[in-house]
Engineer: 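Can you keep this structure in mind? I'll have questions shortly.
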Amino acid sequence: MDFSLTDDQRMIRDNVRRFMDAEVRSNVRRYDREEKFPGAEIRRLGELGCCGMLIPEEWGGAGLDTISYVLMLEEVARVDASMAVALSVTNSVVAWPLWRHGNDAQRHKYLQRLARGEILGAFCLTEPQAGSDAAAIEARAVRSGKTYRLNGTKSWVTNGGESGVYFVFAKTDPTAGARGITAFLVEPAFSGFRVSRHEDKMGLRSSRSAEIVFADCEVPEENRLGEEGQGLKIALEALDGGRVGIAAQAVGLAQGALEAAASYAKQRRAFGKTIGEFQAVQFMLADMQTEIEAARLLVWQAAQMRDAGSARAGAFASRAKLFASEMANRVAYKAVQIHGSMGYSRESDVERMYRDARVLSIYEGTSEIQRVIIARDLLGRTDKARSEKIAGRSVTEAKA
Ligand SMILES: Cc1cc2nc3c(=O)[nH]c(=O)nc-3n(C[C@H](O)[C@H](O)[C@H](O)COP(=O)(O)OP(=O)(O)OC[C@H]3O[C@@H](n4cnc5c(N)ncnc54)[C@H](O)[C@@H]3O)c2cc1C
C-alpha cells in the first residue's frame, strides 16, 4: 500500500493546520468555557472548501477524495474537536447523502449552499427512546396531498439551532419496521419546527447538541429525499461515511494531546530533571505515538476503501472508528497523567481534550455497535468462504 500523500493532499493538510493554529487555537479554551459556537471560524473553513469536500465542483463542492477529507478533519480536531464534529456532520451525513440521493432541484436548493459553507447541516435520527436501535424511532410523517405532516422528537442533534437544513428520518409506514422509514429535508423556518433545548454536555461544549420537536411540521413532498421506505438505508449508508470522519476526529484529538504532553514533558522539571527524562514518561509518549499512527493508518485504509467503492467499506470504517475512538481516550488519559495536577486544571488544553474524547466511542454508533458490524462482516465472509469451499468441493466431487 502506498502511504505517501499527493502534493494537493499535503497542501490541504498544511493550509488547514495553519488556519487552525493562527486563527482558532487561542480562542478554543474560552469558547469551551463560554459554550460559544465557533460559527465564524467554521464559515471561514467553509470558504476554504471544508464543508463540501466530497461534493463535485459542479455542485459547489471541492470535489476531493476521502483522504483529503480525513486530513482536513484531523487538522481541525487537533486544535478543536467541537469544530471537527460540526464539519464532519455537514460533510459526511448531510451533504454527501444529499448529493447521492437528492434530485437536481434538491441539490440546487440545499447542496450548493451546504458545500460552499453558507449553511450547516444537521442529521436527525436519534430519539429519546431510540439510539443504537434506529429502526425503533417513533417520529411519524403522514402524507396529506402534496405535503407530509411530521410529528416527533429528535435528540442530540449536532449543529441543532445552527443549521440551514435538517435531514430528518420518520416513519411513513409504522407497520413496515425498518423499511417504513423515510428521509426528509426540513428547513428551520417550516411551521412546527422548534429547538426545544440544548444538552448540557461533559465535553464538546462549544458544539451544539439540540433536542428538536416537530409538531405538525409541514414538509412539502418535494423535500422527501429518495423514495418512501428508503430512509434507514440512506441513514446507515451515510453513517458508514460518517464513521471515517469521526475516526479522523479521534486521530486529530489524540495528536493534539500528544503534542501538548510532549511539549510539557520537555519543560516541566522534577527531581532535578525534565519529566521527559524519566523512562516512565517516555514510555507513555512512545505508546501514545504508536497508537496514533496505527489508528491513522486504519483511517486512511477506510478512506481508500470508500473511494474505491468497496462493498466492505462500511466494515473498514467501523474498524477505524472503533480503534481510533478508544485509542483517543487512552491517549487523552495519558496526556492528563503527564501533566499531573496541571492536566486536571481548566487552564490546560488536555483537560478539555480528555472530556471531548469521551463521546468518540458513543456517537455515530457506540463501540459495541461497531463490534457488531465488524463481527457480522467477519463471520459473513467466513460463511461465504465456507459455502464457496463446499460448492467448490461438490463441483470437484461431481467431476470425479
Ligand atoms: C455529543 C453527541 C452528539 C450526537 N449527535 C447526533 C446527531 O447529530 N444526530 C443523531 O441522530 N444522533 C446523535 N447523537 C446520538 C448518538 O448517535 C447516540 O447516542 C448513539 O447512537 C447511542 O445511542 P443511545 O445514546 O440511545 O444509547 P443506547 O442505544 O441506549 O445504548 C446504551 C448502551 O447499550 C449498548 N447497546 C445497545 N444496543 C446494543 C447491542 N445490540 N449490542 C451490544 N450493546 C448494545 C450501547 O453500546 C451502549 O453501551 C449524538 C450523541 C452525542 C452524545
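What you see below is based on every heavy atom in this structure, not just the backbone, and it leaves out hydrogens, waters and symmetry mates. This structure is a prediction, so every number in the text was calculated from the model and none was measured.
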Engineer: Applying ring-ring contact (aromatic ring centres under 6.0 Å, His included), which residue pairs with at least one partner in residues 216-272 are found, sequence neighbours left out?
Structural biologist: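 Every pair satisfying ring-ring contact (aromatic ring centres under 6.0 Å, His included) with a residue in residues 216-272: Y264-H339.
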
Engineer: In terms of heavy-atom contacts, does CZ of R268 have more than 12 from other residues, nucleotides or ligands at under 6.0 Å?
Structural biologist: no

Engineer: Does the salt bridge (charged side-chain N to carboxylate O under 4.0 Å, His left out) test come out yes or no for R208 and E199, once each step is laid out?
Structural biologist: CA-CA 8 Å; R208 289 282 182 272; E199 299 294 341; over 6 Å; no

Engineer: Using a strict 4.0 Å threshold on nitrogen-to-oxygen distance, state whether E138 and R140 make a salt bridge.
Structural biologist: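 Result for this pair is no, no salt bridge flagged.
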
Engineer: When you look at T274 and E277, which way does the side-chain hydrogen bond (donor to acceptor under 3.5 Å, both in side chains) test go after all the steps?
Structural biologist: CA-CA 6 Å; T274 63; E277 290 175 76; 3.1 Å; yes

Engineer: Looking at side-chain heavy atoms only, is the closest gap between Q370 and I373 below 4.5 Å?
Structural biologist: yes

Engineer: Who are the ring pair (Phe, Tyr, Trp, His ring centres under 6.0 Å) partners of Y354, not counting sequence neighbours?
Structural biologist: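 Ring pair (Phe, Tyr, Trp, His ring centres under 6.0 Å) list for Y354, sorted by chain: empty.
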
Engineer: Under the ring pair (Phe, Tyr, Trp, His ring centres under 6.0 Å) test, which residues partner Y166, sequence neighbours left out?
Structural biologist: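 Partners of Y166 under the ring pair (Phe, Tyr, Trp, His ring centres under 6.0 Å) test: F193.
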
Engineer: How far apart are the C-alpha atoms of S207 and S82, what are their side-chain angles, what is the distance that settles it, and do they pass the side-chain hydrogen bond (donor to acceptor under 3.5 Å, both in side chains) test?
Structural biologist: CA-CA 5 Å; S207 82; S82 286; 4.5 Å; no

Engineer: I'd like to know if R116 and E118 make a salt bridge, using a cut-off of under 4.0 Å between side-chain N and carboxylate O.
Structural biologist: yes

Engineer: For the pair R358 and S361, evaluate side-chain hydrogen bond (donor to acceptor under 3.5 Å, both in side chains) and give the outcome as yes or no after the intermediate values.
Structural biologist: CA-CA 7 Å; R358 190 61 192 87; S361 61; 3.1 Å; yes

Engineer: Could you state the interatomic distance from NZ (K201) to OG (S209), rounded to the nearest 0.5 Å?
Structural biologist: 3.0 Å

Engineer: Between D356 and R205, is the closest basic N to carboxylate O distance under 4.0 Å?
Structural biologist: no

Engineer: Could you state the interatomic distance from CG (L150) to CG (N223), rounded to the nearest 0.5 Å?
Structural biologist: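 Output value for this atom pair is 11.0 Å.
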
Engineer: Could you go through E228 and D173, starting from their C-alpha distance and side-chain angles, then the distance that decides it, and tell me whether this counts as side-chain contact (heavy atoms from CB on, under 4.5 Å)?
Structural biologist: CA-CA 9 Å; E228 281 194 11; D173 181 0; over 6 Å; no

Engineer: Between E218 and R143, does any NZ, NE, NH1 or NH2 come within less than 4.0 Å of an OD or OE carboxylate oxygen?
Structural biologist: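 Looking at E218 together with R143, the answer is no, because their closest N to O distance does not fall below 4.0 Å.
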
Engineer: Using a cut-off of 6.0 Å, state whether more than 12 heavy atoms not belonging to R371 lie near its atom CZ.
Structural biologist: yes

Engineer: For a side-chain contact (heavy atoms from CB on, under 4.5 Å) check, start with the C-alpha distance between R44 and L48, then their side-chain angles and the critical distance, and finish with the verdict.
Structural biologist: CA-CA 7 Å; R44 300 236 345 246; L48 295 177; over 6 Å; no

Engineer: Does the salt bridge (charged side-chain N to carboxylate O under 4.0 Å, His left out) test come out yes or no for E187 and K109, once each step is laid out?
Structural biologist: CA-CA 11 Å; E187 296 179 27; K109 194 160 183 194; 3.6 Å; yes

Engineer: For V186 and V165: C-alpha separation, side-chain torsions, deciding distance, then whether side-chain contact (heavy atoms from CB on, under 4.5 Å) applies.
Structural biologist: CA-CA 6 Å; V186 179; V165 62; over 6 Å; no

Engineer: In terms of heavy-atom contacts, does OH of Y344 have more than 12 from other residues, nucleotides or ligands at under 6.0 Å?
Structural biologist: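 No - once you tally the heavy atoms of other residues, nucleotides and ligands closer than 6.0 Å, there are 12 at most.
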
Engineer: Could you point out which residue of Y363, F169, W96 forms a ring-ring contact (aromatic ring centres under 6.0 Å, His included) with F123?
Structural biologist: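 Going through Y363, F169, W96 one by one, the ring-ring contact (aromatic ring centres under 6.0 Å, His included) with F123 is satisfied by F169 alone.
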
Engineer: Please name all residues satisfying salt bridge (Lys or Arg N to Asp or Glu O under 4.0 Å) with R17, sequence neighbours left out, ordered by chain then number.
Structural biologist: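 Salt bridge (Lys or Arg N to Asp or Glu O under 4.0 Å) check on R17 returns E75.
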
Engineer: Drop me the distance from I42's CD1 to L87's CG, to the nearest 0.5 angstrom.
Structural biologist: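 Answer for the CD1-CG pair, I42 versus L87, is 5.5 Å.
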
Engineer: Apply salt bridge (charged side-chain N to carboxylate O under 4.0 Å, His left out) to residues R243 and E364 and explain how you reach the verdict.
Structural biologist: CA-CA 6 Å; R243 284 167 188 153; E364 298 212 11; 5.6 Å; no

Engineer: Heavy-atom count around Q267 CD within 6.0 Å, excluding the residue itself: above 12?
Structural biologist: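 Check passes, neighbour count above 12.
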
Engineer: Any salt bridge linking R78 with E259? Criterion: basic side-chain nitrogen under 4.0 Å from a carboxylate oxygen.
Structural biologist: yes

Engineer: Does D32 pair with R29 as a salt bridge, N-O distance under 4.0 Å?
Structural biologist: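 Answer for the salt bridge query: no.
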
Engineer: Kindly compute the distance separating CG (N329) from CE (M353), expressed to the nearest 0.5 Å.
Structural biologist: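 Reported value, rounded in 0.5 Å steps: 13.5 Å.
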
Engineer: Between K36 and E41, is there a side-chain N and carboxylate O pair less than 4.0 Å apart?
Structural biologist: no

Engineer: Counting only pairs under 3.5 Å, give me each side-chain donor-acceptor contact of residues 49-59, with atom names and distances, residues two or more places apart or in other chains.
Structural biologist:
none

Engineer: Test side-chain hydrogen bond (donor to acceptor under 3.5 Å, both in side chains) on R179 and Q230 and set out the steps.
Structural biologist: CA-CA 7 Å; R179 291 203 170 83; Q230 286 186 335; over 6 Å; no

Engineer: I'd like to know whether NZ of K233 has more than 12 heavy-atom contacts from other residues, nucleotides or ligands below 6.0 angstrom.
Structural biologist: no

Engineer: Is the shortest distance from a Lys or Arg side-chain nitrogen in E127 or K154 to a carboxylate oxygen in the other one below 4.0 Å?
Structural biologist: yes

Engineer: Give a yes or no on this: more than 12 heavy atoms of other residues, nucleotides or ligands lie within 6.0 Å of atom CD of E237.
Structural biologist: yes

Engineer: Please confirm whether R330 makes a cation-pi placement over Y333, using NZ or CZ under 6.0 Å from the six-membered ring centre and within 45° of the ring normal.
Structural biologist: no

Engineer: Does the distance from a Lys or Arg side-chain N to an Asp or Glu carboxylate O, for R306 and D65, drop under 4.0 Å?
Structural biologist: no

Engineer: Does E222 come within less than 4.0 Å of K146, counting only side-chain N to carboxylate O?
Structural biologist: no

Engineer: Any ring-ring contact (aromatic ring centres under 6.0 Å, His included) pairs touching residues 137-162, not counting sequence neighbours?
Structural biologist: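 As it turns out, the ring-ring contact (aromatic ring centres under 6.0 Å, His included) pairs with a partner in residues 137-162, which skip direct neighbours, are Y148-F184.
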
Engineer: Look up atom CZ in R352 and atom CG in L204, then write down how far apart they are to the nearest 0.5 Å.
Structural biologist: 10.0 Å

Engineer: Would you indicate whether M202, at its atom CE, is surrounded by more than 12 heavy atoms from other residues, nucleotides or ligands within a distance under 6.0 Å?
Structural biologist: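 No, the 6.0 Å shell around CE holds no more than 12 heavy atoms from other groups.
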
